[in-house]
Amino acid sequence: MFTSIIGYPRVGKLRELKFATEKYFKKEVSPQHLEDIAKEIRKEQWLIQKNSGLDFIPSNDFSFYDNMLDTAVLLNVIPKRYSRLNLSLIDTYFAMARGYQGGAGDVKALGMKKWFNTNYHYIVPEIDDDTDIKLAGTKPLDEFLQAKSLGIQTKIVVIGAFTFLKSAKFTGKKKASDFADAMIEAYSRLIAEAENKGVYWIQFDEPCLVCDLTAEDIALFEKLYKGILFAKKSIRVLLQTYFGDIRDCYKNVTALDFDGIGLDFIEGKKTLELIKSNGFPDSKILFAGVVNGKNIWRNNYQKTLETIVQLKALKINTVIGTSCSLLHVPYTIKNETKLPEKYIRYFAFAEEKLQELVQLRELAECECDYKSIETFKVNAALFTERPDCRNEKVHERLEKIKASDFVRQPDFFTREKKQKSRFGLPMFPTTTIGSFPQTADVKANRNAFKKGEIDEATYNNFNRQKIAECVKLQEEIGLDVLVHGEFERNDMVEYFGEQLDGFLFTEKAWVQSYGTRCVKPPLIWGDVSRNKPMTVAWSVYAQSLTDKPMKGMLTGPVTILNWSFPREDISVKESTFQIALAIRDEAKDLEANGIKIIQVDEAALREKLPLRKSDWYCEYLDWAVPAFRLVHSGLNAETQIHTHMCYSEFTDIIKAIDDMDADVITFEASRSDLMILDSLLENNFKTEVGPGVYDIHSPRVPSIHEIKSSLDKMLTKIKPEKLWVNPDCGLKTRGIFETVASLRNLVEATKLLRNQKK
Ligand code: GLN
Ligand code: ZN
């Protein structure tokens, strides 16, 4: 039995690629230097994989920014506005990724989208009617040859033709199927050239196959691969899927001339069933994704071996591997020096997962009873008990939750009336999303405190002073509902995780989110509970400085869960409910201490929405929405609950959003077309809304006129008494100058509107 992985992280163990690339962006290093670093990273990683004993080692999983972008460039899918800049290939590539502003011109970046149900983002290729798709690069072959020169025979990994077309944006009249012939030609040439270079295996990643597919989609997929596979002679082609099962096309896939088919046994709930009921062709190799590529817990060998035994009984020629690319987990647990050994044993990051595959192979192949082997016993012990993870009080509390705990009383409309009279806010109340610029002094204060250079009192005093300035500024600008500015927070999830019981933190466990941006998600180790108020003192202090309402600022349970590595011993639903109870206590404490408006951010609510529509409610929204309701259902009618989401793509789940039963929701709308407004209207959306009136991701200052006309447009679809006025997200990444200027214009535009409506 062989072992395989789909892909490996590539930013470098200590984010070397990130730092080199950012230096390159600032023109501090040469393209050659960047390439040298990349070569070194690839080499080191191949050697690690080789030395671990892994059989199928991938290449071309490396990327300077994103694999989808690599594939676009490989296929000559470069919109004219970028090629026209006449930059070097690498600079054209980065211009597509990040936009370009300089001597050669001024162009925005291509769009960026979440990669299926992960927190990784890919660059959306743009295909025009006259795009000439053809094989136009050699990256996959170059990297193969680099590995070969090190004595390593790799399997080339490329995003498949179907997923590429399905993920691209078509700007003209043509659609995906119009490019099928050109795609077949390009991939056939790639296959031919790979054969020439002595490649044994090429892997085409087709995660799109795990989504809901129409008959048209399946026809396109079949057409593409009948054509592409016709080209192969000696090379073997692996069709790799991940993030779910391929129930809509299992028979179509197995009927094609692939040499290997990669299926996900972790997220693919129906994978084993599909194999059992439809059979698996003798002539092909099954690449079974049995080790979770997305989470960081040790694999349960007992369970995995049971699956392997079943596959053996079916006489299927099996290679074992990870469920998806290891891109979604950190490099190695060896980098963690502060986590006590009692916890470390339970985690497997990318490098440790290689070792797991090799151990599983040994156990599966052993002639004797694998249960007698030491590696098995060590692993089995991890699943009997975990230290410090069970908190009886949390379970008792969860068991006592009743249906009525998910329902806030009185109903929305009664609350709305009471709140209108309590706050007496002007028409179109103005507010911000929470954070104010995290200027250098704010970061320096936090770093100094972390390093022990200043004591807690000094740290706190500085933040109190910042809050006081921030409150004064907002009053002076004339905003109606104020915020304290979040100067004490590094990150909206980490801040709460650090104060809640049940979380663990890493030092270097970075995961790529997009391009050079990496995140360090906390680990949910055990039952979550709150042992003391987390935000009350800050909010109370801020409120004491003003007569205007001060928003208390919390992160919602679904977002905290989605931006952490979740537990696998209990359901995510249960874990989220635990977090919800902790945040509920905090909300109640804020209320008891005189905070009248509380914002519960659910920036990442949409992130883990299942890929198949049929699973949206039963697997996710049916508990995610109640988790949010659990946070605020215990509050008084007069307390106003706000929530915030960083995107406006919720037309399809709009009922669920309204069902969260918040009093006000603010969201991103400035960059999207105003389609969301139509949908609010059609669905009789009851929650008051603050669609962001300007884009905070850019330093640009919107004019009064521009904001006013956005508001005018909004008012054609939203009742005046429902509309709030705010930027589209927190201001923490912005500078002071543009923040103040933009907010002043926001207030002025609102005044114009109020006068007009009088
Ligand atoms: N309240 C948070 C802030 O303003 C919300 C952040 C977010 O939406 N990502 O920073
Ligand atoms: Zn936001």
Check your understanding: Partners of Asn460 by side-chain contact (heavy atoms from CB on, under 4.5 Å), sequence neighbours excluded?
Key -> Glu456, Trp538
Point to revise | Partners meeting side-chain hydrogen bond (donor to acceptor under 3.5 Å, both in side chains) with Thr431 (sequence neighbours left out) | key: Lys551
Check your understanding: When you look at Asp455 and Thr458, which way does the side chain to side chain donor-acceptor pair (under 3.5 Å) test go after all the steps?
Key -> CA-CA 5 Å; Asp455 63 11; Thr458 315; 2.3 Å; yes
**Study point:** Contact list for residues 601-644, test ring-ring contact (aromatic ring centres under 6.0 Å, His included), sequence neighbours left out
**Key:** Tyr620-Trp623, Phe628-His632, His642-Trp724
Check your understanding: Rounded to the nearest 0.5 Å, what separation is found between the CG atom of Leu605 and the OG1 atom of Thr643?
Key -> 8.0 Å
Review point. Pairs in or reaching into residues 454-493: which pass ring-ring contact (aromatic ring centres under 6.0 Å, His included), with residues at least two apart or in two chains?
Key: Phe449-Tyr459
Practice item. Using a strict cut-off of less than 4.0 Å between a Lys/Arg side-chain nitrogen and an Asp/Glu carboxylate oxygen, indicate whether Glu619 and Lys269 qualify as a salt bridge. Key: yes
Check your understanding: Are Glu706 and Arg700 close enough for a salt bridge, meaning some N to O gap below 4.0 Å?
Key -> yes
Practice item. Give a yes or no on whether a salt bridge exists between Lys751 and Glu748, defined as a side-chain N under 4.0 angstrom from a carboxylate O. Key: yes
Review point. Aromatic ring centroids of Phe565 and His328 under 6.0 Å?
Key: no
Review point. Under the salt bridge (Lys or Arg N to Asp or Glu O under 4.0 Å) test, which residues partner Asp405, sequence neighbours left out?
Key: Lys402
Check your understanding: For Tyr346, what residues pass the ring-ring contact (aromatic ring centres under 6.0 Å, His included) criterion, not counting sequence neighbours?
Key -> Trp525
**Study point:** side chain to side chain donor-acceptor pair (under 3.5 Å) between Trp563 and Glu494, worked out
**Key:** CA-CA 9 Å; Trp563 282 345; Glu494 203 176 10; over 6 Å; no
Review point. ring-ring contact (aromatic ring centres under 6.0 Å, His included): which pairs involve residues 397-446, sequence neighbours left out?
Key: Phe406-Phe577
Check your understanding: Sequence neighbours excluded, which residues qualify as side-chain hydrogen bond (donor to acceptor under 3.5 Å, both in side chains) partners of Glu336?
Key -> none
Check your understanding: So is Arg464 actually on top of Tyr541's ring, under 6.0 Å and inside 45° of the axis?
Key -> yes
Revision key, fill the gap. Here the pair of heavy atoms bringing Gly556 nearest to Val600 is CA-CG1, 3.5 Å
Practice item. Could you list the residues that satisfy ring-ring contact (aromatic ring centres under 6.0 Å, His included) with Tyr514, not counting sequence neighbours? Key: His121
Study note, to complete from the structure: Those residues at least two apart in sequence (or on a different chain) that pass salt bridge (Lys or Arg N to Asp or Glu O under 4.0 Å) with Glu591 are none
In residues 675-684, what donor-acceptor pairs under 3.5 Å come from side-chain atoms, sequence neighbours left out?
from, atom 1, to, atom 2, distance (Å)
Asp678, OD1, Lys717, NZ, 2.6
Asn683, OD1, Lys655, NZ, 2.9
Asn683, ND2, Ser679, O, 2.8

Exercise for review: Answer yes or no: is there a donor N or O on one side and an acceptor on the other, between the side chain of Thr414 and the main chain of Pro410, under 3.5 Å?
Suggested key: no
Point to revise | Those residues that, when tested against Asn292, pass side-chain hydrogen bond (donor to acceptor under 3.5 Å, both in side chains) (two or more places apart) | key: Glu568
